[in-house]
Student: 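One structure follows; several queries about it will come next.
Just so you know, these numbers use all the heavy atoms, side chains as well, and skip hydrogens, waters and symmetry mates. Remember, it's 1-based here, ligands and their atoms both numbered in the order they're listed. As the structure is a computational prediction, the values presented were derived from the model and not from experiment.
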Amino acid sequence: MKYVSTRGEAPSLDFAEVTLAGLASDGGLYVPESWPQFSAEDIAAMRGLPYAELAARVMEPFVGDSLTPERLRELTAKAYGRFAHKAVTPLVQLDEQHWVLELFHGPTLAFKDVALQMLGLLFEEFLSREKGSLTIVGATSGDTGSAAIDAVAGLDNVEIFMLHPKGRVSDVQRRQMTTVRAPNVHNIAIDGSFDDAQAMVKRIFADRDVTAKHRIGAVNSINWARLMAQVVYYFAASLQLGGPERSLAFSVPTGNFGDVFAGHVAARMGLPIEKLIVATNVNDILHRALAEGDYSAGSVTPTSAPSIDIQVSSNFERLLFDVGGRDGLALAEQMRGFDASKAMRLTNAQTEGAALFTSARADEGDTAQAMRWAYENCGEMLDPHTAIGLHAARAADIAPTVPVVTLATAHPAKFPDAVERATGLRPGLPARVGDLFAREESFVELSGTYEAVRDHIMGHAS
Ligand SMILES: Cc1ncc(COP(=O)(O)O)c(C=O)c1O
Ligand SMILES: N[C@@H](CCOP(=O)(O)O)C(=O)O
């Protein structure tokens, strides 16, 4: 399997190379040259498999000959062996039409663990082959940071610098990052938003002074391997609810468009999907883009769902490329226009190509109401991001015979204040996070300038 850049100029790479590269050298994102195909029979044959084996089957065509089938299975068994639920991503039924897919049974209580536990192992595997090392620079609105740090803390050949927006992540999220004591972990709080942090990360990849000295790697969903691992749970949910004979809709709380793009990939591979519902909070650039073709970023409004307080959505570029004719040079031009003005219109081909998607936006009242509804009617406590997904799922125009699965992207205890405000009950942290509030924190605070962040990384990377 070869991977090509969405901006058409970077060299095509194999899976091992793409995993270590993160962002393409032309500023684009890597996508498979073509989509692997599963027939209905292939998919039906996956029914009942343990999650780790299902993961290996779905990932195999993407991995190509970068891993033997046996080694891939060893890695998926190790990655998913750390989850607290035997099913890894269990489904919970809310009512006749609605389910939630709980993706938060990993070590850091968010869906990011599903991909990052695997990515940490892939880094180790590919770096040890070439006796190389990697300096990871990442941006987080809370969950990627903790999951990535858990996945790479203590590794000899990987160092991680994680940027988070100061004061804009929950206490649990921050402590999950800043209380990890490992010499290869560096936490940085910046003045600014997640978008500012993400823009700095992309700039580091293009900064020759940095890349001449350090091989920079990515743990954000700009890294293809993240998305590949997320495709698996769409298959897992579908197989449990009648797939491939029955088509499902999925509702996905969305920020960087990675999780819902993984659903698009599953559909491209042959999984019957009726609709992908893109659920946003008031930072609704993706809702506007899909509903009106208007992809224009305003300033970020802090909400009770801080992990999706995002306006510039990395993986939307992958969708525009895939549905808009796969013309990298044309897309590079379109993205340059967006970088300059922070606004762009989707082309007709892009709008028409995105017909599998629909979208909805939840304000703070809608979010709280969805949390209350799930708790009072179904006894299910949802975190605010999942509640946004559920709000969109219930608002979407989906035939009553089609099951709708909302992706539950975080454990409610990561956002106890918002959950308590909505339901009157304060969710407790599961035992597996240990004495999080007793541990000492360590992080540096930097101004929101690129130079301050770059100089800090250059001064501390070994
Ligand atoms: C809890 C939670 N829900 C939803 C999302 C959105 O996922 P994506 O950025 O892949 O759209 C994130 C992070 O981005 C998150 O941390
Ligand atoms: N919500 C994310 C933001 C980063 O998204 P990513 O999926 O691109 O890593 C977070 O929790 O950090």
Student: Could you list the atoms of ligand 2 found under 4.0 angstrom from a heavy atom of Thr140?
Tutor: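 Once the distances to Thr140 are compared, the set is 10 (C), 11 (O), 12 (O).
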Student: Does His385 reach ligand 1 with a nitrogen or oxygen that is under 3.5 Å from one of the ligand's nitrogen or oxygen atoms?
Tutor: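 Between His385 and ligand 1 (N or O atoms, distance only) the closest approach is not under 3.5 Å.
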Student: Side chain or backbone, does Thr144 bring an N or O within less than 3.5 Å of an N or O on ligand 2?
Tutor: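 Yes, at least one N or O pair falls under 3.5 Å.
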Student: If you count every heavy atom of other residues, nucleotides or ligands that lies below 6.0 Å from Phe83 atom CZ, does the total exceed 12?
Tutor: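 Enclosed: over 12 neighbouring heavy atoms sit under 6.0 Å from CZ of Phe83.
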Student: Measure from NZ or CZ of Lys78 to the centre of the six-membered ring of Tyr80, then state whether that distance is under 6.0 Å and the direction lies within 45° of the axis.
Tutor: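 No.
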Student: Answer yes or no for Lys112: is there a heavy-atom contact with ligand 2 below 4.0 Å?
Tutor: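 A heavy atom of Lys112 does come that close to ligand 2.
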Student: Evaluate whether atom CG of Asp397 has more than 12 neighbouring non-hydrogen atoms of other residues, nucleotides or ligands under 6.0 angstrom away.
Tutor: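 For Asp397, atom CG is not crowded (no more than 12 foreign heavy atoms under 6.0 Å).
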Student: Give me the residue, atom name and distance of the protein heavy atom closest to atom 4 (C) of ligand 1.
Tutor: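 For atom 4 (C) of ligand 1, the nearest protein heavy atom is Pro253 O, 3.4 Å.
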Student: Counting distance only, does the side-chain N/O of Asn220 pair as donor-acceptor with the main-chain N or O of Thr144 below 3.5 Å?
Tutor: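 Not confirmed, Asn220 side chain does not pair with Thr144 backbone.
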Student: Considering distance alone, does some N or O of Gly255 sit under 3.5 Å from an N or O of ligand 1?
Tutor: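 N/O-N/O distance below 3.5 Å exists for this pair.
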Student: Considering residues, nucleotides and ligands other than Gln369, do more than 12 of their heavy atoms fall under 6.0 Å from its CD?
Tutor: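 Not buried by this count: 12 neighbours or fewer within 6.0 Å.
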Student: Which part of Lys414 is near ligand 1, with near meaning a heavy atom under 4.0 Å away: side chain, backbone, both or neither?
Tutor: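 For Lys414, there is no contact with ligand 1 at all, from either part.
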Student: Answer side chain, backbone, both or neither: which part of Thr386 comes under 4.0 Å from ligand 1, heavy atoms only.
Tutor: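 The answer is neither.
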Student: Which of the numbered atoms in ligand 2 are under 4.0 angstrom from any heavy atom belonging to Phe194?
Tutor: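 Going through ligand 2 atom by atom, the ones under 4.0 Å from Phe194 are 3 (C), 4 (C).
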Student: Out of Ser146, Ala147, Ser141, who gets a non-hydrogen atom closest to atom 2 (C) of ligand 2?
Tutor: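 Result: the heavy atom closest to atom 2 (C) of ligand 2 is in Ser141.
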Student: Please determine whether any non-hydrogen atom of Ser314 lies less than 4.0 Å from an atom of ligand 2.
Tutor: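 False for this residue.
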Student: Can you find an N/O atom of Gly258 closer than 3.5 Å to an N/O atom of ligand 1?
Tutor: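 So ligand 1 has an N or O lying under 3.5 Å from an N or O of Gly258.
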Student: What residue and heavy atom of the protein are closest to atom 12 (C) of ligand 1, and at what distance?
Tutor: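 Checked against all protein heavy atoms, atom 12 (C) of ligand 1 sits closest to Phe111 CE2, 3.5 Å.
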Student: Report yes if Asp143 has an N/O atom closer than 3.5 Å to an N/O atom of ligand 1; otherwise report no.
Tutor: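 By distance alone, the answer is yes.
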Student: Looking at ligand 2, does Arg226 have a heavy atom less than 4.0 Å from it?
Tutor: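 Within the 4.0 Å threshold, so yes.
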Student: What protein heavy atom sits nearest atom 5 (O) of ligand 2, and how far away is it?
Tutor: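 Among all protein heavy atoms, the one nearest atom 5 (O) of ligand 2 is Asn256 ND2, 3.3 Å.
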Student: What part of Phe257, side chain, backbone, both or neither, has a heavy atom within less than 4.0 angstrom of ligand 1?
Tutor: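 It is the backbone that gets close, since no side chain atom is under 4.0 Å.
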Student: Which atoms of ligand 2 are found less than 4.0 Å from any heavy atom of Asp143?
Tutor: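 The list of qualifying atoms is 10 (C), 11 (O), 12 (O).
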Student: Suppose we measure from atom 8 (O) of ligand 2 to each protein heavy atom; which comes out shortest, and what is that distance?
Tutor: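 Its nearest protein heavy-atom neighbour is Ser221 OG, 2.6 Å.
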Student: Heavy-atom contacts with Gly142 under 4.0 Å: which atoms of ligand 2 show up? List them by number with element.
Tutor: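 It comes down to these atoms of ligand 2: 10 (C), 11 (O), 12 (O).
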Student: Starting from atom 10 (O) of ligand 1, which protein heavy atom do you reach first, and at what distance in Å?
Tutor: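 Result: Asp259 N, 2.8 Å.
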Student: For atom 3 (N) of ligand 1, what's the nearest protein heavy-atom neighbour? Residue, atom name and distance, please.
Tutor: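 Going by distance alone, atom 3 (N) of ligand 1 is nearest to Thr409 OG1, 2.8 Å.
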Student: Any non-hydrogen atom of Ser221 lying under 4.0 Å from ligand 1?
Tutor: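 No.
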Student: Among all the protein's non-hydrogen atoms, which is closest to atom 13 (C) of ligand 1, and how far away is it?
Tutor: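 Going atom by atom, the protein heavy atom closest to atom 13 (C) of ligand 1 ends up being Lys112 NZ, 2.9 Å.
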Student: Look at the rings of Phe15 and Tyr3 and say which category their plane angle falls in: under 30° parallel, 30 to 60° tilted, over 60° perpendicular.
Tutor: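 Correct class here is tilted.
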Student: If you measure every N or O of Thr254 against every N or O of ligand 1, does any of those distances drop under 3.5 Å?
Tutor: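 No; every N/O pair is 3.5 Å or more apart.
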Student: When you measure from the side chain of Ser221 to the backbone N and O of Gly258, does any donor-acceptor pair fall under 3.5 Å?
Tutor: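 Side chain of Ser221 to backbone of Gly258: no pair is present.
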Student: Hey, is ligand 2 close enough to Ser307 that some N/O pair sits below 3.5 Å?
Tutor: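 N/O-N/O distance under 3.5 Å: yes.
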Student: Would Gln230 count as a contact of ligand 1 if the rule is a heavy atom under 4.0 Å away?
Tutor: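 False for this residue.
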Student: Is the backbone of Thr386 close enough, under 3.5 Å, to the side chain of Asp383 for a donor and an acceptor to pair up by distance?
Tutor: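 Yes; judged by distance alone, with no hydrogens or angles, the pair exists.
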